[in-house]
Structures are given as structure tokens and as C-alpha cells.
There are 2 protein chains.
Amino acid sequence: MPPRMIDVARRANVALSTVSYAINGQRAVSEETRRRIRQAMDELGYQPNALARGLASKHTNILALLFPTPERGLGVTEMEFVVGAADAAREHGYHLVLSPSELRNVRDLEQLTGQGLIDGALVMEVRIDDDRVQLLEQAGVPFSMIGRTSDPGRIDYADIDFEQTTRDAVGHLVELGHRCIGFLNHSPSAFSVGYGPTVRASEGFRRAAATADVVHVERLCGDNAAAGQAAFHEMRAAQPDITALIVMNERAIVGVMDALDEIGWRVPDDLSIVSMVSSTRVTEMMRPKLTTLEPPSTQLGRLGIQMLLDQIDGGAGERAPVQELLPCRLVIGASSGPPPAR
Amino acid sequence: MPPRMIDVARRANVALSTVSYAINGQRAVSEETRRRIRQAMDELGYQPNALARGLASKHTNILALLFPTPERGLGVTEMEFVVGAADAAREHGYHLVLSPSELRNVRDLEQLTGQGLIDGALVMEVRIDDDRVQLLEQAGVPFSMIGRTSDPGRIDYADIDFEQTTRDAVGHLVELGHRCIGFLNHSPSAFSVGYGPTVRASEGFRRAAATADVVHVERLCGDNAAAGQAAFHEMRAAQPDITALIVMNERAIVGVMDALDEIGWRVPDDLSIVSMVSSTRVTEMMRPKLTTLEPPSTQLGRLGIQMLLDQIDGGAGERAPVQELLPCRLVIGASSGPPPAR
DNA sequence: TTGTAGGCGTTATCAT
DNA sequence: ATGATAACGCCTACAA
């Protein structure tokens, strides 16, 4: 039996409604009254009941974070999204509920939105063509995305700038003198379900390589060592002159290393490696420490929440959609250097 | 304007209360009536309003996950906790709010519990002496812990069995023939604030080594490569005969590798390494692939929620506290082998 | 087995 | 500037 608003009102000798107004500032309250109310609140240790407040006011101060658990599992980068989003939400006085909805289970999402529990949603791991997005639009739930669909229209999103990132990766290697560069992407299945990073990085790489007028080769590759190993051998068979490799597939990297051992190549002497869109937290643990294009994960999470709140607080007014692409940060490690003189 | 319960009632030609009872099964409803109600619900796409339900029934079906963001950052293991907890909560029809409360900010926690928003809390990253625990007890909020305080009393918890895990690590090495084993722990600061794993693994290691009658040496070590490198040199200075190293500090490992390079040692020929309480997801990326004692992270998360729900649903009846210690799984990699014949 | 009505703790619309 | 008082949508004795 925690104190209720009426208890505060009585103790401060004012009406219930006055307390309510004093708390959420919807109308003027005299300084003296406000003081008495505050005092009463402190003495009672009063805190407004979130449910009652929500029921009456039609907004709950609760946001949902929609994250599917992808086949490849969740890593450090995803954790950073989550932490960034959670922090940002808290700073704005919002709660964040974690909603591990599988993409297939549209039911779960309907349930979530139908309960009237959330004011909006932040959608993670958005696919090129994502059911959840349609559903949220229909449901009229405010939402924003980390990642984006093929045609985001007027939907707010924050995403990694894959175009820029691949260009930076290629640029770094070209500057070092490389003229034949490989790209090891995520799995064929990620590509075929339209996983955004896989698709966009693929396009970006081709374009960047073409622009730099560099010989290039790409492989889709399962997220495991064996696949990485096989893929590298294939790439080398296709392009024997390969001297550098961009990898957007952390777990395949070690397989590449194994492949290099087999042919007696060393990093970066015989092959430069750049790890794209992975956390330095992880790539620093590899030897040699990998040159990395590190995504602004925490910032993306924060930005996602920010966009969402702008949307909610901003009312239904016609705002321009906020759509931002953030670059990855190039962290030069010991895995990239000049090409060998073969 | 979503449909309300009264709409369902009218459409099914029954009283409002009958719908309510039909939904939450608090009293018998005839099969025919129930059928009509269900049909009406389907046709209207009705879903009970979570807030109204909570306000009236005094329980919200919302749980909180309390996770501080430790100095060393959050990794794969922590992510797995979270995913496990979120999944388990969803399966039981509960929502999970992520509450990134810093340990220092007891205010945030008070706010959370005072709002009447949550039915209970799962506390992550529990310290030997943790303010949050006291606060939750005072607040009368049901909660359980992943990890445990020095004296958990009757509080439910699930934790890693560090005693067993260190014993397994030492045992694995002793079986291979090692007689002088080092232990690289987390940072001095983690130890001094009473971070459970650091403290308990330290004790466990000493005991296991003593029992196995093995020469041993331990170092606390910052979570970074440089610290790991320095620490290994120190250990070797203290125990030149060291042939094996147990590490509970993922980020220090690469520093150890660097140190080994400096003295021309190889893994596992000159030194065996076992990584304790880290995800194989990470240790598989190292070369050689590390022998690992992998924590049952997802299971711990699930278990934490399970305990919490038992507590909540079980009512205030006197239950025996559920306190479980789970072992890590030994995954043998390529980093451990027989000691060198020096 | 079904219906009636009084809360749950706020917000917000009326007055005053 | 402040007070009363309907909602908000549901749950649950209590009555029938």
C-alpha cells in the first residue's frame, strides 16, 4: 500500500487534481502550494503509479526494442545497440522493454502492440523486406529502425553507411598499394533473406572497387571458420593475385587465417586483412590485431531512441523523416600493410 | 480506439464480467458462452489492455532486468544472459524491461520499484556486497539474482559454480601432466568492489590447486592486452616452472600471447592455456582455438526468470529458496596439451 | 452459470 | 489559482 496521490493531497491540504497539476505542470500552481505539495510528497515518499497514469493519459512511457535473434547469434555489436538504446531511453524517462520477436512470429508483435503497453518501438536487425515494418505501420505504432528496408519511405532510421564504409575499406587498401582485393561477406542465407548489411555492403564493395579501378572478387560465406577457410581458397583460385581481403564476417576470419597457414602466407606480409563492421573489442583479440572499421553501435542505439522520441513527443505534425547514415571508424591495426612484391 | 471488453460482451450477448472470467479463467463459464465470446474476440481483434488489467489486478506481467554496465563493458556472455532471460519471460507471457541502473544510482532503482510497474526483478552482475539487493528487499519486490552476494540468505539465485569450474580447469591441466599452474584473474578493481566471479574464482583456484597439490600463482589483471602481457611476465618471474595458465579475462589473453612471443614460447607446446568463463563464440576466434570453460549463460538467464516467476506465482507461501550453481562446460581446444619436458 | 457494481490511481474537463 | 468529478479499461466480490 504505497501512498497515493490523494494522500499527498490531504497532507498538503489541497485537492487531488492540484497535486496532479503540480506534478505534471499542465497548469499553473502557486509557488506556495507547490512547495507544500512537494514537501508532502517527500515526507510520504510518494511516486505516481505508472499504470494509472498510463491508463488515464494514454501514454505509458514505455518503448519496445524489437530484436530477433539471428541465426548467427548476437554479438558485441548488438549488445552495444541495446545498451545505447537502454541508456538513451532511461535518460529521457522512458522504460525499454526487450522484445525478442522472431520475424516469423508476427503474432507476438501484434500482441505487443495491441496491449496498449508501448508508446513506440525501435526495430533492430531490419531486413530489406521486413514484415514487422508493415505491421507497425498498420498498427499505427510510432517506430524507428536501426537499419532500413529497401524503400524506407518516410520512416525514421539510423543505419551504417555501407557505401561509405566499403569505400573507406577499399580506400585504405588502395592507398597502401593494393590492386586486387577480395570481399568476404556474410552467408548466402543472410543475403537471400535480405539482411541489409549483407546486401548493401556487397553493392558498396563492387561500386567502390570499380571506382578505384581495382580487381575484385567477393564470396558469401557462412559464419564459421570452415566456411571462411573454404571461401578464401576459392577466392584465391579465382584471383591468384589477391593481396588484400575485406571481411564482414567475424567468425569466418579465423578460417581465413587457417587457409593462409596452409599456403604459407602471413598477415599482413602476404595478405592484408580489414575487418568491416565489427567491434574492436573483438578484433583486438586477434593476432595480429586487425585493422577494423568499427560501427558506431552505441550511437546508433541512442539515435534510434532519439528519433522515436522526437516522433512521439513531436506529435502528429508533419515532420521531415530523420534518416541518418553513420560511417564506421577506421581503426588501423597490424593486419594491413603494403602488398607483397610478388 | 481499439475494442474494449464491453464491446466483446455486447457482441457475444453476455455481461462484461463474463468476458473477463472467460479470459482469465477465474470462474467457470459454459462451453457455449465461452465459444461465443471467443468468436466475438476474434471478430473484433480484441486484446485486453495491459494497463487497465494491471491497475485492477495488481500485477503487471512486467519484469525488470537490472544490469549495470561494468567498467569492462558487456560481452557475448552478458548478451546471452539477456537473450535467455528475454526469451524465458516471453514464453511465460511476461514482458522484460531493461534497466541499466548504475550501482551507485540507488535512486533509479527506487524509482523503478516505486512506480508499481514491475512484478519482480532479475538482478545481473551481483556483487559480493550489493546495495541493490538490500533495496529490493526493503521495497518488498520479488527478485532473484544471477550471481550472489556473500550471504544470499533465502534469496533465489543462479550462479556459475566457480569452485567446480576452477577444479575442472585445474583438473584438465593436471591430467595432462602440469604441475605448476598460473591463474590470470580480472582486475584488482573488480576484486576490490567485490565482483563475485573474481573473488570466488580466486578462492576456487587456490583450493583446487592445493587439493591437486600443484604449484600455483595468481595475478589480478586489468582487462586489456598490456596488463595481460605484464602480468604474465610477472607470473613467470615468480614461478619460472609455469607450464599452464588458466585465464578468466578474455581481453588479457592476447597480451599473454604477446608476452609468449617475446620469450619465444608457443601454445600449447611451452604453455597450455585454458580460458575460463568465456564464450566459445569468442575463444574460437583465437589461434590456436582455446580450450574453454564455457558458462551456461543462456540457461542462467532462463533460470533467473524461472525462479522469479515461481516466486511470484507461487504466492507468499514459504518456499525453500532456489539456489543453483551451474558448472561450465569444458570445451577442449588446441591450446592445452602436455607440459614441455624442460 | 451469469449479471451488477464498486474499486484500482491517475488525468483532464468541467466549474468556481 | 484551485476544486470537484467524470472517464480510462479491467477485475472481482457480491448478488441473483
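Below, chains carry the letters A, B, ... as their sequence lines are ordered, and counting in each starts from 1.
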- Looking at CZ of B:R148 and CG of B:D130, how far apart are the two atoms once the value is rounded to the nearest 0.5 Å? 14.0 Å
- Item | B:N13 CG - C:dT2 C1' separation (whole Å) | 13 Å
- Paired with A:F143, the side-chain contact (heavy atoms from CB on, under 4.5 Å) test is passed by just one of A:D156, A:V133, A:I312, A:L135, namely A:V133
- Is there a donor-acceptor pair closer than 3.5 Å between any side-chain N or O of B:N61 and the backbone N or O of B:Y94? no
- Message: Angle between the two end axes of the helix from C:dT1-D:dA16 to C:dT16-D:dA1, five base pairs per end, rounded to 10 degrees?
- Response: 40°
- Task: Look only at the side chain of A:R132 and the backbone of A:M124, and say whether a donor-acceptor pair between them is shorter than 3.5 Å.
- Result: yes
- Query: With distance as the sole test, does B:R36 use its side chain to make a donor-acceptor pair with the main-chain N or O of B:A12 at under 3.5 Å?
  - Reply: yes
- Note on the structure: Whichever of B:A15 and B:S57 has the more 5' nearest nucleotide on DNA chain C, that residue is B:A15
- Task: Figure out the CG/C1' separation between A:L55 and C:dT11, and round it to whole Å.
- Result: 10 Å
- Query: Do any side-chain nitrogens or oxygens of A:S20 fall under 4.0 Å of OP1 or OP2 in C:dT10?
  - Reply: no
- Query: Does a side-chain N-to-carboxylate-O contact under 4.0 Å join A:R127 and A:D129?
  - Reply: no
- Message: Going by the rule side chain to side chain donor-acceptor pair (under 3.5 Å), which residues pair with B:R302 if we only count those two or more places apart in sequence or in a different chain?
- Response: B:E91
- The answer to which of A:S30 and A:L16 contacts DNA chain D further toward the 5' end, by nearest nucleotide, is A:S30
- Query: Using a cut-off of 4.0 Å on non-hydrogen atoms, how would the nucleic acid contact of A:D7 be classed: base, sugar-phosphate, or nothing?
  - Reply: nothing
- Query: Counting only side-chain N and O atoms of A:Q26, is one of them less than 4.0 Å from OP1 or OP2 of C:dT11?
  - Reply: no
- Query: Between B:V322 and B:M307, which heavy-atom pair has the shortest distance, and what is it?
  - Reply: O-SD, 3.8 Å
- Message: With a 4.0 Å cut-off on N to O distance, would you call B:R35 and B:E31 a salt bridge?
- Response: no
- Please determine if a side-chain N or O atom of A:K58 lies less than 4.0 Å away from the OP1 or OP2 oxygen of C:dT10. no
- Note on the structure: Sequence neighbours excluded, the answer for side chain to side chain donor-acceptor pair (under 3.5 Å) partners of A:D161 is none
- Message: Under a 3.5 Å distance rule, please check whether A:D87 uses its side chain to pair with a backbone N or O of A:G84 as donor and acceptor.
- Response: no
- Would you say B:T33's side chain and B:V29's backbone share a donor-acceptor pair under 3.5 angstrom? no
- Query: Just how far, in rounded Å, is C1' of C:dT10 from CG of A:N61?
  - Reply: 13 Å
- Would you mind reading off the distance between A:R4 atom CZ and C:dG7 atom C1', rounded to a whole angstrom? 11 Å
- Item | Full working for side-chain hydrogen bond (donor to acceptor under 3.5 Å, both in side chains) between A:Q138 and A:Q134 | CA-CA 6 Å; A:Q138 285 179 0; A:Q134 296 180 17; 5.3 Å; no
- Return the value, rounded to whole Å, for the distance between atom CD1 of A:I23 and atom C1' of C:dA12. 14 Å
- Is A:D119 reaching over with its side chain to a backbone N or O of A:H59, donor-acceptor style, under 3.5 angstrom? no
- Query: Considering only heavy atoms, which members of residues 37-52 of chain A lie under 4.0 Å from some atom of DNA chain D?
  - Reply: none
Under 3.5 Å between N/O atoms: give me all the protein pairs with nucleotides 13-16 of chain C, atom names plus distance.
| from | atom 1 | to | atom 2 | distance (Å) |
| --- | --- | --- | --- | --- |
| C:dT13 | O4 | A:Y21 | OH | 2.7 |

- Item | Nucleotide interval of DNA chain D bounded by contacts with chain B (heavy-atom cut-off, under 4.0 Å) | D:dG9 to D:dC14
- Message: Under 4.0 Å from OP1 or OP2 of C:dT2: is there any side-chain N or O of B:T33 that close?
- Response: yes
